[in-house]
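So the structure is just underneath, and the comments pick up after that.
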Amino acid sequence: GAGVSQSPSNKVTEKGKDVELRCDPISGHTALYWYRQSLGQGLEFLIYFQGNSAPDKSGLPSDRFSAERTGGSVSTLTIQRTQQEDSAVYLCASSFLDRLPSGNTIYFGEGSWLTVV
Amino acid sequence: DAKTTQPTSMDCAEGRAANLPCNHSTISGNEYVYWYRQIHSQGPQYIIHGLKNNETNEMASLIITEDRKSSTLILPHATLRDTAVYYCIVRKGAAGNKLTFGGGTRVLVKP
């Protein structure tokens, strides 16, 4: 598609349930990022996939959070045993990886709003 | 990545130019200045970026001082739809480096 696509756009789940959030990056983009933003807060980096290299998982807040990227395209962020503090909008972004700095601008999707009740 | 300092908030009048300052005094030679904005309930939107030369596109102009320690984003004719939080970010130019967001400037365009 033309932009980064995320699904679901909204998700309400019960505390303790597992959730999966999906991201379709811009076609041809080999770098993929996940961020989250709690209500009224700034954007927090979670994880970054860079082509075939090992992902940068330094921002994942706990071992309940994991992400994978299959076939170098679609990514899934999984949150196990959700807690109320996991409520946030989860943003996915993508960019080219192997272009000049002027060509690897990061573009964001509209996010998946997660509410844990 | 180098840290940036931006005013917490600012107002501007509809139809006038909005000048958004950003200090990045510890920027290094291989770091670019990026600007994004986030309109309420939407994902961050890329605006513009530059290294040392001034840049202009259909959305805005970016003026970077000669010593690169500060920059100004200019929205030439602000509209009500430009009300948003504007983030100034410095990021290494090597492919794949992530963006680290600060608090940004909350811009309110008033009629």
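Keep in mind that what you see is a predicted model, and the values were worked out from it rather than measured.
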Whatever's closer than 4.5 Å to a heavy atom in chain B on Phe49(A) counts as neither

message: Is a donor from one side chain sitting under 3.5 angstrom from an acceptor on the other, for Ser70(B) and His24(B)?
response: no

Would Lys98(B) pass as a cation-pi partner of Tyr33(A), given that its NZ or CZ must be under 6.0 Å from the six-membered ring centre and within 45 degrees of the axis?
no

Residues 53-62 of chain A vs chain B, non-hydrogen distance cutoff under 4.5 Å, contacting residues -> Asp56(A)

Original post:
When the aromatic ring centroids of Phe108(A) and Tyr35(A) are compared, is their separation below 6.0 Å?
Top reply: yes

So, the part of Gln45(B) with a heavy atom under 4.5 Å from chain A: the answer is neither

When the 4.5 angstrom heavy-atom criterion is applied to Gln6(A) and chain B, the contacting part is neither

Residue set satisfying ring pair (Phe, Tyr, Trp, His ring centres under 6.0 Å) with Tyr86(B), at least two apart, ordered chain then number -> none

Please list, one pair per line, the donor and acceptor atoms closer than 3.5 Å that link side chains of residues 109-117 of chain A to other protein atoms, with sequence neighbours excluded.
from	atom 1	to	atom 2	distance (Å)
Glu110(A)	OE1	Gly43(B)	N	3.2
Ser112(A)	OG	Pro8(A)	O	2.6

Centroid separation Phe101(B) to Tyr87(B) less than 6.0 Å: yes

Applying a strict 4.5 Å limit to non-hydrogen atoms, the region of Ile106(A) in contact with chain B is both

For Thr56(B), the side chain to side chain donor-acceptor pair (under 3.5 Å) test, sequence neighbours excluded, returns Ser61(B)

Less than 4.0 angstrom from a charged side-chain N to a carboxylate O is my criterion; do Asp86(A) and Arg64(A) meet it?
yes

